[in-house]
Amino acid sequence: MSLTGTRVPLPQDLLVHRAVEAHAHRHPERTAVTCGRQSLTFAELNARANRTAHLLAARGVGRGSVVGVCLDRTPELMTTILGVLKAGAAYVPLDPSYPAERLELMLGQLDRVKVNVASAETRGLVAGAFADTLVLEDETDALASAPATDPGVEMANDDLCYVVFTSGSTGTPKATAVRHDGWYNLLEWLRLAYRLDHDSSGLSVSSFGFDISQRGLMAPLFTGAAIHLLPSRSFDPGMAYRLIAEHGVKTLHCAPSTLYLLTDLELMRGTDALMAVDYVFIGGEPLNTARVEEWATREGNGCTLLHQYGVAECTDVATSHVLADYPRYRTGPTPVGTPVYNTEIRLLDDRLREVPDGETGEICISGRSVSAGYLNGSPEDARRFTETETGTDGRRERIYRTGDLGRITPEGELVVVGRADTQVKIRGMRIDLGDVEHRVRAHPAVRDAVVLALPDPAGETSLVAFVLAAGDAVEPRTLRADLLAALPRNMVPQEFVPLPSFPLNPNGKTDRRALAAAARPAPHPAGA
């Protein structure tokens with residue numbers, strides 16, 4: 001079974017930075033970037049990016065190069081990203097908020113990097129890299145004397161634009177190389193499908209290293225609007241909310257866990273700044289619609305929530321669904337919708353054959369958005385990118401096997417039902433952790449839940465549920481007894497850990513590793 005996105009013709013030049021250049025030449029006076037009290041017009045942004053590009057070119061950076069960017073959220077972040085692209089290279093986001101161990105793992109895979117751009121504050125984070133480090137504060141004079149003219153480097157649409165890291169099932173970060181044409185296709189879909197224009201300003205709320213942030217940072221500039229940078233290395237919900245109100249922000253791209261913090265804050269304050277946002281594009285982790293329903297259904301709420309599905313290996317977004325039917329979402333998984341432009345979703349079995357209508361299969365993505373693959377990926381990783389026949393004409397197309405399982409509803413929308421690698425065996429019974437989470441969340445005493453399969457003191461695998469209370473408190477014994485009445489015993493968590501909130505990782509997602517690390521030293525038995 002398959003779903004095919006609208007086939008939309010694209011222009012010949014599919015280089016995202018050229019679209020930003022065009023806005024700078026047509027409307028140089030418009031605001032492009034703000035960060036605290038600093039701001040840049042499109043003309044200033046373009047000129048500074050051009051100087052950065054010429055400086056990088058003098059250091060040997062050119063078409064096909066890869067450049068690391070380790071900078072905080074400042075105007076220099078945007079001028080550097082655009083400068084790298086204008087030089088003909090691809091950038092790698094190296095987020096300063098990441099743990100040193102993760103940055104070290106990432107840098108160890110970047111032997112293709114020509115240079116790492118850093119600031120005086122972040123230079124130490126990339127000191128052990130293969131590449132040279134270019135510290136912006138040390139290049140003030142060189143940047144001031146570099147030409148402010150567009151470099152005009154000859155490039156192809158299938159050249160790399162950025163390399164973003166994603167973790168596989170082993171937890172080792174993998175460097176995914178994204179092409180210009182796939183990124184342009186995504187941004188053009190956002191622009192046309194949601195009528196984004198120079199008024200569609202955005203706010204950066206996610207980690208720079210997160211794949212969702214690449215479109216979140218560039219989509220406003222691509223449409224001629226301003227991107228407002230959160231002047232904080234870590235996510236500050238109060239500051240983010242204040243900036244949304246102050247700037248009249250119209251678009252947000254974030255993970256559900258980040259959205260929950262903003263909607264909870266607005267409900268607590270009784271204000272409406274978030275309700276005035278036009279679109280919030282959410283993805284990156286499973287959505288618990290119960291966490292947003294009260295806010296989303298408030299009278300006068302003009303904000304449209306888009307529940308999206310995608311992977312970094314296919315330029316971040318593959319499908320999108322407008323959240324509207326909340327009673328429907330309470331009884332099953334929330335759809336992730338239909339494919340974006342020039343993209344096809346196919347549900348295949350282990351032999352890469354399409355599954356029958358209504359059945360579950362592995363979600364495989366093809367079309368314009370499929371990336372160039374992994375840099376220094378293992379043979380096993382590389383096999384996720386493969387070819388298969390389409391239709392009856394014998395044509396072969398390149399697909400990416402996501403490892404996610406899905407089905408297509410009678411209405412023609414994709415539903416993600418879990419991961420092949422999240423199925424675990426508990427006393428010989430194979431279960432999906434997503435199914436257990438859904439059942440625990442449905443309990444009236446539970447506001448949200450995360451379920452992990454962890455080793456118990458005897459070395460056996462057991463289920464641990466971390467729960468947020470819907471009211472004053474959660475009683476683990478009662479919760480376990482109620483779930484035993486509805487689920488097979490092997491699907492009922494052996495432990496329940498009540499928490500006031502879930503920790504977030506730098507990408508704004510629920511930090512499951514932190515939950516796992518905290519579970520065993522001080523377990524909270526649920527009782528018999």
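The first residue of the sequence shown is numbered 1, and numbering continues consecutively from there.
Every pair passing side-chain hydrogen bond (donor to acceptor under 3.5 Å, both in side chains) that includes a residue from residues 314-323 is listed here, sequence neighbours excluded: Tyr194-Ser320, Arg215-Asp316, Gln308-Ser320, His321-Tyr329, His321-Glu413. Judged as a salt bridge (Lys or Arg N to Asp or Glu O under 4.0 Å), not a single pair has a partner in residues 127-137 (not counting sequence neighbours). Pairs passing the salt bridge (Lys or Arg N to Asp or Glu O under 4.0 Å) check and including a residue from residues 117-131, sequence neighbours excluded, read Arg123-Asp138. Residue pairs meeting the salt bridge (Lys or Arg N to Asp or Glu O under 4.0 Å) criterion with at least one member in residues 26-44, sequence neighbours excluded, do not occur. The salt bridge (Lys or Arg N to Asp or Glu O under 4.0 Å) pairs that include a residue from residues 231-246 are Asp72-Arg233, Arg242-Glu246, where partners are two or more places apart or lie in different chains.
Using modelled atom types, no side-chain atom of Ser39 and backbone atom of Thr34 make a donor-acceptor pair closer than 3.5 Å. In terms of modelled atom types and a separation under 3.5 Å, the side chain of Thr133 and the main chain of Asn116 share no donor-acceptor contact. Checked by atom type and distance alone, the side chain of Asp159 never pairs as donor or acceptor with a backbone atom of His180 at under 3.5 Å. Panel note: side chain Asn157, backbone Gln12; a donor-acceptor pair is recorded below 3.5 Å. Side-chain atoms of His54 come within 3.5 Å of backbone atoms of Thr149 as a donor-acceptor pair (strictly under, hydrogens ignored). Under the 3.5 Å distance criterion, the side-chain polar atoms of Asn46 are left unmatched by any main-chain donor or acceptor of Glu21. No donor-acceptor pair under 3.5 Å is formed between the side chain of Asp158 and the backbone N or O of Asp181. Between the side chain of Thr6 and the main chain of Val8, no donor-acceptor pair closer than 3.5 Å is present. Thr386 places no side-chain N or O within 3.5 Å of a backbone atom of Arg384 that could act as its donor or acceptor partner.
Side-chain contact check for Thr52 versus Leu56: some heavy-atom pair is nearer than 4.5 Å. Looking only at side-chain heavy atoms (C-beta outward), Leu85 and Cys161 come within less than 4.5 Å of each other. For the pair Val69/Pro93, no side-chain contact is recorded, criterion being any heavy-atom separation below 4.5 Å from C-beta on.
Counting all heavy atoms, side chain and backbone alike, Leu107 lies closest to Leu125 at CD1-O, 3.7 Å. Considering all non-hydrogen atoms of both residues, Met239 and Pro231 come closest at SD-CD, 3.7 Å. Minimum interatomic distance between Leu203 and Ile227 (heavy atoms only, all atoms of both residues): N-CD1, 4.1 Å. Here the closest heavy-atom approach between residue Asn50 and residue Pro151 is recorded as OD1-CD, 3.4 Å. The two residues Asp199 and Lys250 come nearest to each other via the heavy atoms O-CG, 3.4 Å. What you find for Pro335 and His307 is that their closest heavy atoms are O-ND1, 2.9 Å.
Looking at Ser257 and Thr510, their side chains do bring a donor and an acceptor atom within 3.5 Å of each other. A donor-acceptor contact under 3.5 angstrom links the side chains of Tyr309 and Asp404, judged on distance only. Side chains of Tyr91 and Gln214: a donor-acceptor N/O pair is present below 3.5 angstrom, by distance only.
In this structure, CG in Leu259 is found 5.0 Å from SG in Cys254, a value given to the nearest 0.5 Å. Going from atom CG of Asp111 over to atom CG of Leu375 covers 8.5 Å, rounded to the nearest 0.5 Å. Rounded to the nearest 0.5 Å, atoms CG (Leu323) and CD (Glu293) are 10.5 Å apart. Atom CG in Asp381 sits 4.0 Å away from atom NZ in Lys174 (nearest 0.5 Å). If you take CG on Leu94 and CZ on Phe165, they are separated by 7.0 Å, rounding to the nearest 0.5 Å. We find the OG-CD distance between Ser366 and Glu387 to be 11.5 Å, quoted to the nearest 0.5 Å.
Applying the ring pair (Phe, Tyr, Trp, His ring centres under 6.0 Å) criterion to Tyr260, with sequence neighbours excluded, gives no partner residue. With sequence neighbours left out, the side chain to side chain donor-acceptor pair (under 3.5 Å) criterion links Arg191 to Glu188. With sequence neighbours excluded, the residues that form a side chain to side chain donor-acceptor pair (under 3.5 Å) with Thr271 are Tyr241. By the ring pair (Phe, Tyr, Trp, His ring centres under 6.0 Å) test, His27 is found to be paired with no residue, residues two or more places apart in sequence or in another chain being considered. Scanning for side chain to side chain donor-acceptor pair (under 3.5 Å) contacts around Ser119 gives Thr122, with sequence neighbours left out. Applying the ring pair (Phe, Tyr, Trp, His ring centres under 6.0 Å) rule to Tyr400 yields the partners Phe385; only residues at least two apart in sequence or on another chain are considered.
Between Phe42 and His23, the ring planes lie tilted relative to each other; the angle falls in the 30° to 60° range.
Of the candidates Thr80, Asp95, Ile81, Thr80 is the only one forming a side chain to side chain contact (heavy atoms under 4.5 Å, CB included) with Leu71.
Residue Glu411 places its CD atom among more than 12 non-hydrogen atoms of other residues, nucleotides or ligands, all under 6.0 Å distant. Other residues, nucleotides and ligands place more than 12 heavy atoms under 6.0 Å from the CZ atom of Arg398.
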Got a list of side-chain donor-acceptor pairs under 3.5 Å for residues 273-283, not counting sequence neighbours?
none

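A salt bridge links Arg59 with Glu139: the closest approach of a Lys/Arg side-chain nitrogen to an acidic carboxylate oxygen falls below 4.0 angstrom. Here Asp264 pairs with Arg291 in a salt bridge; the nearest charged N to carboxylate O distance falls below 4.0 Å.
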